[in-house]
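This report concerns only the one structure given below.
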Amino acid sequence: MPESPHHGYRGEPAPSLGSAGTPAALTIAISREAGARGSTIGGLAAQKLGWQVYNQELLEYIAQEGAFRQNVVDTLSPEGARWAEDRLQKMLREQNLSQHPSIMHLARIILALGAQGQVVIIGRGAGCILPPDSTLNVRIVAPLNDRIAYMSQWLRLTEKQAAEEVRLRDSRRAEFIPTHFHRQPADIYQYDLLLNSSLLGEDSTAELIAAAARAKDAARGQEVISDQ
């Protein structure tokens, strides 16, 4: 859901790839049900980690604006740029990515951010685009009644209007992922974490995401050491 993004371009060269040829730093990709407070939680997790966050609106804006898009790509090291292009071509060969120009632009932006790492990406199929070994893939859910109540409060809608807004947003997201990435967002086995924000609350959900990111990052570091 729209909110003021916590973000900023790095300006400095991106970290090089790890010895395994994957991004040295982890990325968090957040998928969420409408009204489950995924954008707010993603922002909180980014704050806890000191990372940048890119939400759906920001990603779409960058993908549509050539200058901004190039700015993101230009921050990559040569190794990072090759990794991003190799990943893109692999997805195309396996027919796991739509060749629609807007989706190709979006995928290149998300892969560029993933090559740098230490970012939280909310929505737009980031978990489908980025590989699991360098990504913490998170799904945030909540009971329908709670999501309707939150949407009603946040957008100042009647309960009936809020229910329709939740239905429309869920429907658009459910259509976007299968159409462009040939996956189903409800498939729980693709996620590292599946969190109920109604039971946990915003801060605890964000803390669990941050803790899981630290743990997965540490595990990746140990794997690199053991392989040497």
Side-chain angles (χ1 to χ4, degrees), residues 5-31 41-56 58-59 62-63 68-94 96-97 104-139 181 190-193 206-228:
H6 308 278
H7 71 279
Y9 296 109
R10 293 169 185 256
E12 74 273 10
S16 60
L17 300 184
S19 60
T22 60
L26 195 72
T27 295
I28 297 173
I30 294 181
S31 168
I41 290 165
L44 287 171
Q47 289 176 12
K48 292 174 183 294
L49 292 164
W51 293 5
Q52 298 174 38
V53 58
Y54 291 78
N55 64 16
Q56 176 177 329
L58 182 59
L59 289 170
I62 295 172
F68 285 97
R69 190 167 66 242
Q70 193 61 42
N71 189 27
V72 173
V73 174
D74 285 347
T75 62
L76 291 178
S77 65
E79 296 83 3
R82 283 195 296 272
W83 174 86
E85 186 61 28
D86 287 347
R87 174 66 182 173
L88 182 74
Q89 294 304 320
K90 182 176 186 291
M91 292 187 71
L92 290 172
R93 287 195 304 272
E94 295 174 351
N96 288 326
L97 178 68
M104 293 287 287
H105 289 325
L106 177 69
R108 283 194 163 94
I109 292 300
I110 289 175
L111 286 168
L113 294 173
Q116 297 178 54
Q118 295 190 346
V119 294
V120 177
I121 303 177
I122 301 170
R124 295 292 85 183
C128 302
I129 296 169
L130 296 170
D133 54 356
S134 61
T135 309
L136 182 74
N137 200 357
V138 180
R139 175 76 167 169
F181 307 108
Q190 63 190 304
Y191 302 108
D192 296 284
L193 286 178
E207 186 57 52
L208 284 170
I209 294 171
R214 296 185 189 105
K216 186 163 185 174
D217 228 4
R220 293 176 73 234
Q222 291 171 1
E223 288 174 4
V224 170
I225 292 172
S226 65
D227 289 342
Q228 291 177 348

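Any value given below was found using the heavy atoms of this structure, including those in side chains, with hydrogens, waters and symmetry copies removed. Please read all numbers here as calculations on a predicted model, not as lab measurements.
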From CA spacing to verdict: side-chain contact (heavy atoms from CB on, under 4.5 Å), Met104, Leu97
CA-CA 8 Å; Met104 293 287 287; Leu97 178 68; 4.0 Å; yes
Non-hydrogen atoms of [X] and [Y] that approach each other most closely:
{"X": "Val119", "Y": "Tyr54", "answer": "CG1-CE1, 4.0 Å"}
{"X": "Ile109", "Y": "Leu59", "answer": "CG2-CD2, 4.2 Å"}
{"X": "Leu76", "Y": "Ala112", "answer": "CD2-O, 3.3 Å"}
{"X": "Leu113", "Y": "Thr27", "answer": "O-OG1, 4.1 Å"}
{"X": "Ala107", "Y": "Leu88", "answer": "CB-CD1, 3.9 Å"}
{"X": "Gly42", "Y": "Ile122", "answer": "CA-CD1, 4.0 Å"}

For [Y], does its backbone N or O pair with a side-chain atom of [X] as donor and acceptor, under 3.5 Å?
{"X": "Lys216", "Y": "Leu26", "value": "no"}
{"X": "Arg139", "Y": "Gln190", "value": "no"}
{"X": "Asn137", "Y": "Asp192", "value": "no"}

Any residue meeting ring-ring contact (aromatic ring centres under 6.0 Å, His included) with Phe181, in chain and number order, not counting sequence neighbours
Phe176
Regarding Thr75 and Gln116, do their side chains bring together a donor and an acceptor under 3.5 Å, going by distance alone?
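Distance-only check passes for Thr75 and Gln116.
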When rounded to the nearest 0.5 angstrom, what distance separates [atom1] in [X] from [atom2] in [Y]?
{"X": "Leu49", "Y": "Leu44", "atom1": "CG", "atom2": "CG", "result": "11.0 Å"}
{"X": "Leu136", "Y": "Arg220", "atom1": "CG", "atom2": "CZ", "result": "11.0 Å"}
{"X": "Asp86", "Y": "Met91", "atom1": "CG", "atom2": "CE", "result": "13.5 Å"}

Please walk me through it: do Lys90 and Asn96 pass side-chain contact (heavy atoms from CB on, under 4.5 Å)?
CA-CA 9 Å; Lys90 182 176 186 291; Asn96 288 326; over 6 Å; no
Taking the side chain as everything from C-beta on, heavy atoms only, tell me whether Leu130 gets closer than 4.5 Å to Ile121.
yes
Less than 4.5 Å apart, any side-chain heavy atom of Thr135 and any of Ile28?
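Contact flag for Thr135/Ile28 side chains = no.
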Partners of Arg82 by salt bridge (charged side-chain N to carboxylate O under 4.0 Å, His left out), sequence neighbours excluded?
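Not a single residue meets the salt bridge (charged side-chain N to carboxylate O under 4.0 Å, His left out) criterion with Arg82.
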Could you work out, with side-chain contact (heavy atoms from CB on, under 4.5 Å) as the rule, every residue matching Lys48, not counting sequence neighbours?
Asp203, Ala206, Glu207, Ala210, Arg214
Trace of the side-chain contact (heavy atoms from CB on, under 4.5 Å) decision for Leu111 with Trp83:
CA-CA 9 Å; Leu111 286 168; Trp83 174 86; 4.1 Å; yes
